[in-house]
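Below: one structure, written as structure tokens.
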Amino acid sequence: MYEHCRQCQLPFEISKDDLAFYEKVSPTFNGKKELIPPPTMCPDCREQQRLGFRNERRLYHRKSDLTGAQIISMYSPEKPYKVFSQEEWWGDAWDPMADGQKIDPGQPFFSQFAELSRAVPRMALLNPKAENSPYCNFTDANKNSHLLINSNFNEDCYYCTLLLNSRDCCDCFWTVKSERCYQCVDCEECYNLLFSQQCRNCSDSAFLFECQGCNHCIACVNVRDKEYHIFNKPVAKEAFERAIKDLRGRRNVERCGREFQAFKRTQPHIAGHMQQCEDSTGDYLSHCRGVYASYSGIESEDCRYCDAFVRSKTCMDCNSIDGAELTYETTSLIGSRNRFTAFCRDSSDLFYCWDCYSSSHLFGCIGLRHKQYCILNTQYPKEEYERLVPKIIEHMRHDGGGGAMNRTIPPQRESSGSWGEFFPVTLSPFGYNETVAAEYYPLAREDVLNRKWRWHDETPSSEQYLGPQPDLSDAIDDVRDDICDHILRCTATGKPFKVIPQELRFYRSMGIPLPQECPDQRHLDRLAKRNEKRLWDRRCAKCGKDIQTTYAPDRPEIVYCETCYLDTVY
């Protein structure tokens, strides 16, 4: 069946498989299943709502509300929340249950949750087991790294997003088990690779696209198991060495990049970037089965409308999950049977919770650890919890964010009911422009405020004196150590940025010129290399077969179905 999204007004499909999923993940209390209704928003608007709670990259200096110590935080100083450092938050100096409140049957649930969110202290960053990596967020176990986002188990890496088990990498996105990589997107098990995308097991190369098992190659597309190739043609070792040496200068890098982009357009592109996937649709999937309309997934099964998911099963409408199962409308999660949660780990059977760890059977809780059967951070006996939760759900079916739990409501679900919907963006602690939502669903300030969402106003960089601007030499060999003492201005946005000493050492070791854009702009440029998260109908340019692909029909790329592409490449 088709419905119209209540936010963007566009039609969207609710399939039989979707309906079966909602029934499957609906919770049971006292023997009665509390059905989760179909969504009232399209998949894109649902994702936008979830991402509106994720501030990954905007970090601030502020003081801890517990000790007054200076800390690094994703919450800017003027935010009306208590913020503790990571170590303080996990310590014993405070009790999240102390801010608990009894459910009020005369008030809407989300209003009570908002009150709780202003009372319970927030963790400044999500950066556990970090070693000498204080400016990383949504990360785990990184060492000697700087500004890693959504990245785990890395060492000596900088300005990367979705980097896993890698070392000595800079400015990479979705790069796994790699070393000495720069400006790489969707690469795996690569070494000493520059300016490349969709590559596997490649080394000592630059400007590769959709290559596997290649080394000592430059500006190659769709090449398999070759060495000493430039623009897909074999060259002598001496010719390669001259070409790779030329890339130490910025002008030559830019020239090679332009020629490489023109060459890419002459080569076939596969309709979907998938590795060993079965019965799956979407893009950038690896070892997945039964995955539908999802992106950036690894080793997952039976997932729908998900993005950035690993080792997960039977999940829908989730972002940044690992090892999740039977989970719906969630962002940043490790755990099973969770619905409408954010930033929870090693937990199960949570509903409308934030920042809860090693817990189960919670409803509307924030910051709890090792707890069970709590509502709004208040402890209940199991029987009382299971008696109260259905009453809260029934109220949410009809309140739409307002109304009282004790009023009489007809049994049918009203379109304004909040049960079955993720938190409204009005509850986000961040300005929309601070969040990941702004990266994938950009909106102007006026549009954001018209929706009654928050916007974070910053001092324009043009009003800041940055000091004399140094001359950024064309070649890295000519850059002096004192460049790290200067504040640079991004050539694309005008924003200030700095080069840190370990970053400079990386550029020198790789022989690559200094970047002229700030880290945020470089991140957006990498995102732009990936296709939009949308499937289009078009025909294979070789056999004419109908295909679904993230390459829009009006794009200039030559797109082949998988069969034709593999026949051509191999």
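Just the heavy atoms: all of them, side chains too, but no hydrogens, waters or symmetry mates, feed the values below. All of these numbers come straight from a predicted model, not from anything done at the bench. If you read the sequence from its start, that first residue is 1, and numbering goes on from there.
Side chains of S332 and R54: a donor on one and an acceptor on the other come within 3.5 Å. With no hydrogens or angles considered, no side-chain donor-acceptor pair links Q548 and T281 at under 3.5 Å. Judged by distance alone, the side chains of E78 and S76 do bring a donor and an acceptor atom under 3.5 Å apart. With no hydrogens or angles considered, no side-chain donor-acceptor pair links S145 and N154 at under 3.5 Å. In this structure, a donor-acceptor pair under 3.5 Å is present between the side chains of T330 and T341. N127 and Q86 form no side-chain donor-acceptor contact under 3.5 Å, judged by distance and modelled atom types alone. Side chains of T161 and R526: no donor on one and acceptor on the other come within 3.5 Å.
Looking at T40 and E3, their side chains never come closer than 4.5 Å, going by heavy atoms from C-beta outward. Using a 4.5 Å heavy-atom cutoff, the side chains of F422 and R46 are not in contact. Between C315 and I321, some side-chain heavy-atom pair lies under the 4.5 Å cut-off. With contacts defined as side-chain heavy-atom distances shorter than 4.5 Å, the pair L350/C356 qualifies. Taking 4.5 Å as the limit, some side-chain heavy atom of L443 sits within range of a side-chain heavy atom of R451. Residues C160 and T175 have side chains not in contact (no heavy-atom distance under 4.5 Å, counting atoms from C-beta outward). Side-chain contact check for F12 versus I14: some heavy-atom pair is nearer than 4.5 Å. Inter-residue side-chain proximity for Y284 and W174 is flagged as unmet; no heavy-atom pair is nearer than 4.5 Å.
A donor-acceptor pair under 3.5 Å is absent between the side-chain atoms of N144 and the main chain of E155, judged by distance alone. Counting only distance, with no hydrogens or angles, the side chain of S300 and the backbone of R311 share a donor-acceptor pair below 3.5 Å. Between the side chain of N55 and the backbone N or O of T435 there is no donor-acceptor pair closer than 3.5 Å. Here the side chain of W89 pairs a donor or acceptor atom with the backbone of P121 at under 3.5 angstrom.
We find the OG-CD1 distance between S347 and I334 to be 10.0 Å, quoted to the nearest 0.5 Å. Put simply, CD1 on I72 and CZ on R62 are 13.0 Å apart, with the number rounded to the nearest 0.5 Å. The NE2 atom of H273 lies 11.0 Å from the CG atom of L285; values are rounded to the nearest 0.5 Å. Distance CZ/F113 to CD1/I366: 3.5 Å, rounded to 0.5 Å.
Here ring-ring contact (aromatic ring centres under 6.0 Å, His included) pairs that include residues 30-50, with residues two or more places apart or in two chains, number zero. Sorted by first and then second residue, the pairs that involve residues 352-365 and meet side chain to side chain donor-acceptor pair (under 3.5 Å), not counting sequence neighbours, are R122-D355, S360-Q372. For the side chain to side chain donor-acceptor pair (under 3.5 Å) condition, no pair includes a residue of residues 373-383, sequence neighbours left out.
For F343, the ring-ring contact (aromatic ring centres under 6.0 Å, His included) partners are F138, not counting sequence neighbours. Looking at residues two or more places apart in sequence or on another chain, you find no ring-ring contact (aromatic ring centres under 6.0 Å, His included) involving H523. Looking at residues two or more places apart in sequence or on another chain, you find a salt bridge (Lys or Arg N to Asp or Glu O under 4.0 Å) between D140 and K129, R345. For Q7, the side-chain hydrogen bond (donor to acceptor under 3.5 Å, both in side chains) partners are Q48, not counting sequence neighbours. Legend: residues meeting salt bridge (Lys or Arg N to Asp or Glu O under 4.0 Å) with R534, ordered by chain and number and at least two apart, are absent. Applying the ring-ring contact (aromatic ring centres under 6.0 Å, His included) criterion to Y305, with sequence neighbours excluded, gives Y292. Shown here are the salt bridge (Lys or Arg N to Asp or Glu O under 4.0 Å) partners of R522, two or more places apart in sequence or in another chain: D171, E503. With sequence neighbours excluded, no residue satisfies ring-ring contact (aromatic ring centres under 6.0 Å, His included) with W536. Remark: E115 pairs with no residue by the salt bridge (Lys or Arg N to Asp or Glu O under 4.0 Å) rule, at least two apart or across chains.
A salt bridge is defined here as a Lys NZ or Arg NE, NH1 or NH2 lying under 4.0 Å from an Asp or Glu carboxylate O, and E34 with R397 meets this definition. Classification of R289 and D279 as a salt-bridged pair fails, no side-chain N sitting under 4.0 Å from a carboxylate O. Classification of D520 and R58 as a salt-bridged pair holds, one side-chain N sitting under 4.0 Å from a carboxylate O.
The aromatic ring centroids of Y328 and F340 lie less than 6.0 Å from each other. Ring centers of Y441 and Y432: at least 6.0 Å apart, outside the cut-off. If you look at H146 and Y135, their ring centroids are closer than 6.0 Å.
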Problem - Step-by-step side chain to side chain contact (heavy atoms under 4.5 Å, CB included) determination, Y22 to L35 - result: CA-CA 7 Å; Y22 304 136; L35 290 174; over 6 Å; no
Exercise for the section: Any chance you could lay out the salt bridge (Lys or Arg N to Asp or Glu O under 4.0 Å) test for E434 and R454, step after step, and finish with the verdict? Expected result: CA-CA 10 Å; E434 294 178 290; R454 291 186 178 90; over 6 Å; no
Handout entry: Audit row: R445, D457, salt bridge (Lys or Arg N to Asp or Glu O under 4.0 Å) steps and yes/no
Key = CA-CA 9 Å; R445 183 179 187 275; D457 288 311; 3.0 Å; yes
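The nearest pair of heavy atoms linking P77 to H61 is CG-O, 3.4 Å. Summarising the geometry of D317 relative to C306, their closest heavy-atom pair is N-SG, 3.9 Å, with the distance given to 0.1 Å.
The ring pair (Phe, Tyr, Trp, His ring centres under 6.0 Å) test with F109 singles out one residue from F423, F351, F363, and that residue is F363.
By the 30° and 60° cut-offs, the orientation of the rings of F84 relative to W94 is perpendicular.
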